[in-house]
Number of protein chains: 2
Amino acid sequence: MVARYERIAEELRKEILSGAHPVGSPLPSETELAERYGAARGTVRQAVAVLAAEGLVGSRQGARRIVLGKVRSQSFAELHSFAQWARANGNRYGGQVVEQRRRRASGAESARLGCDDVLEVLRVRTLEGEPVLLERTVYAGWVAPAVEGLPADCGSVTEALYESVGLVFAYGEHLIDAVAAGAVDARLLGVRRGSPLLRQRRTTTTHEGRPVETSDDRYRAGSVAFSIRNSIGANPLARQVGDLRFER
Amino acid sequence: MVARYERIAEELRKEILSGAHPVGSPLPSETELAERYGAARGTVRQAVAVLAAEGLVGSRQGARRIVLGKVRSQSFAELHSFAQWARANGNRYGGQVVEQRRRRASGAESARLGCDDVLEVLRVRTLEGEPVLLERTVYAGWVAPAVEGLPADCGSVTEALYESVGLVFAYGEHLIDAVAAGAVDARLLGVRRGSPLLRQRRTTTTHEGRPVETSDDRYRAGSVAFSIRNSIGANPLARQVGDLRFER
DNA sequence: AGGGCTCGCTTGTTTGTACAAGTTCCCCTA
DNA sequence: TAGGGGAACTTGTACAAACAAGCGAGCCCT
């Protein structure tokens, strides 16, 4: 059962994407929409709040809402999972484990994951046959058995873990910066040493706030970019000075 | 006049930051908070929704909200404005115009900004005396006079434009990736040619959805990182394949 | 023609109520 | 002791109503 406000949001989204409300044009007023859908104004407000959070429409007190764009930002799942993102974009993708071993957690890892034994996995991900991403993931000890049970060329780790042990990644913290490719990075990604890589370091937790993994992902320059839409009053992203929290 | 739910959110934020609600612990229930603050449950819900959007707390139907972290993601203003961000962090900052000229818009620029005459400005930004950011900004023709009226070492362009002509940047679209430093980049940022830079390309519009500027900002590696907290159901960020929309 | 003002419209905030849906934990039973 | 069944609690959804605050268009006056 989908909530009413979500169905209304879905309809409005379709109308915007189809061009019924061109970019720059005003949306109907809340009262008007409420009448049209036979819902209360509050419900309509929730619907348009969803669109605003997606960056599709903007709003200002006193004036009608404006259509800002047609690009919809992807879901958490697509940000977290390389496979789900690639599939949603219609790309061919693959993955291969290069190295995998258990070891004791470093001080920082133990603090981030809340456990002393971890599983470190080095994976190369391909897009359209090309290696584009190098994942250095450290899993908390309690998920290690499940991860070790996966095939080395597992396409989607996120989905496999959900299906095998019902694990759901719910919250993530991401730090994005640029680094030069080291010798290993260069060999596995097929670029020259020192060439620029886009680095995404993340820590993911379950619904209950239990940390699952922390990862250092490096994208080949030019292969992938992160996209954000934001507005006054909505603040998904932040800059940070240097490397304060992710040292090893 | 600040809204009630914002003041409640502010108090809760302080409590979280001060450690009264440690990371991983549950927040008081909505009813309890409503009683404590003498507000309706709906108002409290708005307050915690703010915190959830900031990534400070997570929530699931049926269970108490959990404190996820203490890092607060900054506001839109701080993401948009280098100066406001640096000041909020307590850093010394500066800026210097290197080059500035009017010219005709390229095809892509004209499409993005909706005008044919533009002003291109090249600025170097410093943090603690070090050059860390190179801004190549293209302003729409209608703001060009205001921008030209600014001093060359203007610290905060965003604030200066607000004070001089009441211009407010309201919406932004950002693309983040990594590139190698070109000859000019290298000289102005004091790094070697080919060293990795974090690039943020953005287009910003006013409240009314009118495009103001589009910019190519390059950060020296190691100086700045972007930070994102997200969760299932909240989706500020997206990956994109290669360079689809920002060609020149 | 231009500038200022008012009025209607639209979004923002707050309260109250009711029910639905999911979680947690305790107790009881096999 | 392990598991099932509830009951109490908590968050999610929906509706209704009222007022505040801001915007824009049209009107009037100079």
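In what follows, chains carry the letters A, B, and so on, assigned in the order in which the sequence lines appear, proteins first and then strands, with residues in each chain numbered from 1.
Side-chain atoms of A40(B) lie closest to dT15(C) of the nucleotides dT15(C), dT13(C), dG22(C). Picking from dT15(C), dG12(D), dT11(C) the nucleotide with the shortest atom distance to the side chain of R65(B) gives dG12(D). Each of dG12(D), dG24(D), dC15(D) was ranked by its minimum atom distance to the side chain of A63(A); first place goes to dG24(D).
Note on R45(B): every side-chain N or O is 4.0 Å or more away from OP1 and OP2 of dT15(C). The phosphate of dT10(D) has neither OP1 nor OP2 within less than 4.0 Å of any side-chain N or O from T31(B). A close approach under 4.0 Å does not occur between any side-chain nitrogen or oxygen of T43(B) and OP1 or OP2 of dT14(C).
Taking atom OH of residue Y37(B) and atom C1' of nucleotide dT15(C), one finds them 18 Å apart after rounding to whole Å. Across the protein-nucleic acid pair, E30(A) atom CD and dC19(D) atom P stand 18 Å apart, rounded to whole Å. Rounded to an integer number of Å, the gap from Y5(B) OH to dT11(C) C1' is 12 Å. Taking atom CZ of residue R41(A) and atom P of nucleotide dT14(C), one finds them 13 Å apart after rounding to whole Å. Per the geometry, CD1 belonging to I8(A) stands 13 Å off P belonging to dT13(D), to the nearest Å. In this structure, CZ of R7(A) is placed 12 Å from P of dT13(D), rounded to the nearest angstrom. If you measure from atom CD of E32(B) to atom P of dC9(D), you get 12 Å, rounded to the nearest angstrom. Atoms CD (Q61(B)) and C1' (dA14(D)) sit 13 Å apart, rounded to a whole Å.
Ring geometry for Y219(B) versus F82(B): interplanar angle of 30 to 60°, hence tilted.
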What N/O pairs connect the protein and nucleotides 7-9 of chain C at under 3.5 Å? Give each pair on its own line.
none

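Contact annotation: the side chain of R65(A) never approaches that of L51(A) to less than 4.5 Å [non-hydrogen atoms, C-beta and beyond]. L161(A) places none of its side-chain heavy atoms less than 4.5 Å from the side chain of V143(A).
In this structure a side-chain-to-backbone donor-acceptor pair under 3.5 Å is present from T214(B) to R202(B). Between the side chain of R125(B) and the backbone N or O of G155(B), at least one donor-acceptor pair lies under 3.5 Å.
Residues passing the side chain to side chain donor-acceptor pair (under 3.5 Å) test with R64(B): none are found, sequence neighbours excluded.
Mapping R60(A) and Q46(A) onto DNA chain D by nearest heavy atom places Q46(A) closer to the 5' end of the strand.
Put simply, CD on E11(A) and CZ on R7(A) are 9.0 Å apart, with the number rounded to the nearest 0.5 Å.
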